[in-house]
Amino acid sequence: MARANEEAAELLRELADLLSITGGDAFKIRAYEKAARAVAGHPDDISGLDLAGLRAIPAVGDAIARKILDYTRTGTIRQVEELRARIPAGVRALTAIPTLGPKKALVLYEELGVSSVDELEAAIRAGRLRGLKGFGPKTEENILRGIELMRGSRERVLLDAAAGVADEVVEVLSALPQVERCAHAGSLRRMRETVGDVDVLAASRDPRPVMEAFTALPLAAEVVASGEKKTSVRTAKGLQVDLRVVPPESWGAALQYFTGSQAHNIRTREIAVKAGLRLSEYGLFDAESDELIVSETEEEVYERLGLPWIHPALREDTGEIEAALKGELPRLVTEDDLRGDLHSHTDLTDGVASLEDMVAAAHARGLEYYAITDHAPNLVMQRMTDEKMLAQRARVAELQARYPDLALLHGTELNIDPDGGVDWDADFLSGFDVCVASIHSHFNLDRDAMTRRLVRACENPRVHVIGHPTARSIGRRPPVDADWDEVFRCAARTGTALEVDSFPDRLDLPADLIRRARRFGVKFAVDTDAHSVGHHRNIRYGVGTAQRGWLTPDDVINTWPLDRLRAFLRKS
DNA sequence: GCCGTTTTCGGCCCGACTGTTTTCAGTCG
């Protein structure tokens, strides 16, 4: 992804933050935030754009286009530098403390000279906030707690952790007699790769017992806020869970609203305003008469706004509104579309389940074909040998007789060495039905070397799928650095699929790169990379990531019938 | 600062909760 876009977007975000601290015009601040999102999500590298090209980006006008040019020429934006000189970076950092926003941060800086989180903590403990206007004892307490939470590296959690909490809450609340409907919303419903807060929505005419059941849940270690309509708790691990209770007739509008994203909601509400309507979590209303128009289902809400229903995975204001208005929304791939899985492991290498159990699990998923792809010898710790691999192939062939409706493919997951070569010679490789090739080491090559490495792997006629292409580990290891456009061009040209790995800490390719790669005509394989029977369930996260990348069934080779897949694997 | 088949000026999404405040500002999503 164009690094310049991300850097420019970050500078615009910083500009917005600094202006909000210095009390800048709120609409101007919003304009910068909006432009930052647009730049970050823009498909073209902004460093190659001139003034007119920049202005063609939605939400970027003349002033911001010039600021971006300032960045591409000098590496920074002059106004940002000027504001940095006035507002120390530590003051902006204060706003990262929950419950402490720009206004309070500025007061703390101007009145007490506080310009870092550490200084703030010391000031509170020294009693220096006493008597400061707007800062009562509760505020002090909340700030201290906020600092503690932040230091406890309370970060966004992985999808599976959030889904586990959400599933539990929804299950318990759904069983209450007062609850008519209950579901999770928020970034989890949108399948963002990490989740900051879990949002749960319930429809009920009698909210009080619902709120009480919620705060009484064993996972609710602490009640953060509680009201008639909204209650928030925090789990022992620090994950916040918000419950909103709405009247049943508001369900659709509420689900739409609480699913977000915020940027998407702003767009839908703008469309409402322009149509003389008002959209809130309670429904779509006539702005004049306040008369309720629709609210029961999301479909009705979108329809009345002149839009088709938009899949939650697309709701990021990165072009889905425009596509919807033009009737050009993609028909997104779903779990039901998947006929096969092309990446899995057994206890022959680092999997924990037997070949028989993994195949049985694939069969239980209703798959039509399933590839076993254990690790290859160059990942030395896996102790793979030619003999072991050939013996496994024989066992797969035997097992096939027991599964007439599940085609078993014998494959392997090769290691892409630093030069782009892989395990085994072409002759041995030709014995596999499918070869996934992945980076498992030497993550720090420079961009040119990494690009050459991936390109050479794609050019190998025996390599069908590049496994977890960026090799990132969310929260632990950054993606490798490569010229992804170059890699995508090569993958498309050579007929090499890129994997969407469903592991919650991988989700690799990430959605933004998927969307970009698709523009080059790249094909994808949405796989579990399962190392155990339970890992098969992770497929929903891979599918969610593919959906966030706007993939259709035709983009995904393992939705294809087996004969079409086999033709693709010939790479001719 | 952006944007416009009603506009080049005057709008810009909307509501809940908290805390400190006697009527509302700040924060959050």
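Convention: sequence-line order gives letters A, B, ...; per-chain numbering from 1.
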Sequence neighbours excluded - side chain to side chain donor-acceptor pair (under 3.5 Å) pairs with any residue from residues 98-109 of chain A:
none
Contact string for nucleotides 18-23 of chain B, one letter per nucleotide 5' to 3', B = base within protein heavy-atom range under 4.0 Å, S = sugar-phosphate only, - = neither, reads SSS---
Where along residues 263-275 of chain A does a heavy atom fall under 4.0 Å from DNA chain B?
A/I266, A/R269, A/E270, A/V273
Could you work out which one of B/dG1, B/dC14, B/dC17 sits closest to the side chain of A/S280?
B/dC14
Can you tell me how far CG of A/L277 sits from CZ of A/R304, rounded to the nearest 0.5 angstrom?
5.0 Å
Using a strict cut-off of less than 4.0 Å between a Lys/Arg side-chain nitrogen and an Asp/Glu carboxylate oxygen, indicate whether A/D167 and A/R540 qualify as a salt bridge.
yes
Any donor-acceptor pair under 3.5 Å from A/D70 side chain to A/R78 backbone:
yes
Euclidean distance, atom CZ of residue A/R145 to atom P of B/dT27 [Å, nearest integer]
19 Å
Does A/R244 have a side-chain nitrogen or oxygen under 4.0 Å from the phosphate oxygens OP1 or OP2 of B/dG15?
no
What does A/K34 touch in the nucleic acid at a heavy-atom separation under 4.0 angstrom: a base, only the sugar-phosphate, or nothing?
nothing
I'd like to know whether NZ of A/K34 has more than 12 heavy-atom contacts from other residues, nucleotides or ligands below 6.0 angstrom.
no
Which nucleotide wins on minimum distance to the side chain of A/K229, given the candidates B/dG26, B/dG1, B/dA16?
B/dA16
Per A/Q262 side chain, nearest of listed nucleotides B/dG29, B/dG1, B/dT27
B/dG29
When the P atoms of B/dC12 and B/dC17 are compared, how many Å lie between them, rounded to an integer?
25 Å
When you check the phosphate oxygens OP1 and OP2 of B/dG1, does a side-chain N or O of A/K28 lie under 4.0 Å from one of them?
yes
Most 5' of A/M211 and A/K67 on DNA chain B, judged by nearest nucleotide:
A/K67
In whole Å, I'd like the distance from the CG atom of A/D290 to the C1' atom of B/dC14.
13 Å
Distance check, P atoms only: B/dC28 and B/dT20, in whole angstrom units.
15 Å
A/E14/A/R84 salt bridge by N-O under 4.0 Å criterion
yes
Between B/dC2, B/dG15, B/dT27, which one does the side chain of A/I64 approach most closely?
B/dC2
A/R278 charged N/C atom sitting above A/F285 aromatic ring, 6.0 Å / 45°:
yes
Identify the nucleotide, in any strand shown, that forms a Watson-Crick or G-U wobble pair with B/dT8, with both distances under 3.5 Å; if there is none, say none.
none
Which part of the nucleic acid does A/L279 contact within heavy-atom distance under 4.0 Å: base, sugar-phosphate only, or nothing?
sugar-phosphate
Across the strands shown, which category fits A/Y32 at heavy-atom distances under 4.0 angstrom: base, sugar-phosphate, nothing?
sugar-phosphate
Is it the case that more than 12 heavy atoms not belonging to A/R331 sit under 6.0 Å from its CZ atom?
yes
Whole angstroms only, please: what is the CZ-C1' distance between A/R66 and B/dC2?
15 Å
Round to the nearest Å and state the distance from A/E33 atom CD to B/dC28 atom P.
13 Å
Under 3.5 Å donor-acceptor, A/T235 side chain and A/L239 backbone:
yes
For the side chain of A/F27, counting heavy atoms from C-beta on, which of B/dC2, B/dG15, B/dC12 is nearest?
B/dC12
In whole Å, measure the gap between the C1' atoms of B/dT21 and B/dG26 for me.
12 Å
Nearest-angstrom distance, C1' atom, B/dT8 to B/dC3
9 Å
Can you tell me the distance, in whole Å, between the CG atom of A/D17 and the P atom of B/dG26?
17 Å
At under 4.0 Å between heavy atoms, what does A/I97 touch on the DNA or RNA strands: base, sugar-phosphate, or nothing?
sugar-phosphate
On DNA chain B, more 5' by nearest nucleotide between A/A105 and A/A59 is A/A59
Could you give the CD1-to-P distance, from A/I143 to B/dC28, as a whole number of Å?
11 Å
Candidate nucleotides B/dG1, B/dA16, B/dT27, ranked by approach to the side chain of A/P102 - the nearest:
B/dT27
Taking CZ in A/R477 as the centre, count heavy atoms belonging to other residues, nucleotides or ligands within less than 6.0 Å. Is the count above 12?
yes
What contact category does A/D62 fall into here, base, sugar-phosphate, or nothing, at under 4.0 angstrom with non-hydrogen atoms?
sugar-phosphate
Rounding to a whole Å, what distance do you find between A/L325:CG and B/dT5:P?
12 Å
Any donor and acceptor pair, going by atom type alone, linking the side chain of A/D501 with main-chain N or O of A/L507 inside 3.5 Å?
no
From CA spacing to verdict: ring pair (Phe, Tyr, Trp, His ring centres under 6.0 Å), A/F503, A/H468
CA-CA 9 Å; A/F503 250 84; A/H468 44 74; 9.5 Å; no
Work out how far the P atom of B/dT6 is from that of B/dG1, and round it to whole angstrom.
28 Å
Starting at CG of A/D197 and ending at P of B/dT27, how long is that distance when rounded to a whole Å?
18 Å
Check the phosphate of B/dA16 against A/Y282, side-chain N and O only, distance under 4.0 Å to OP1 or OP2. Yes or no?
yes
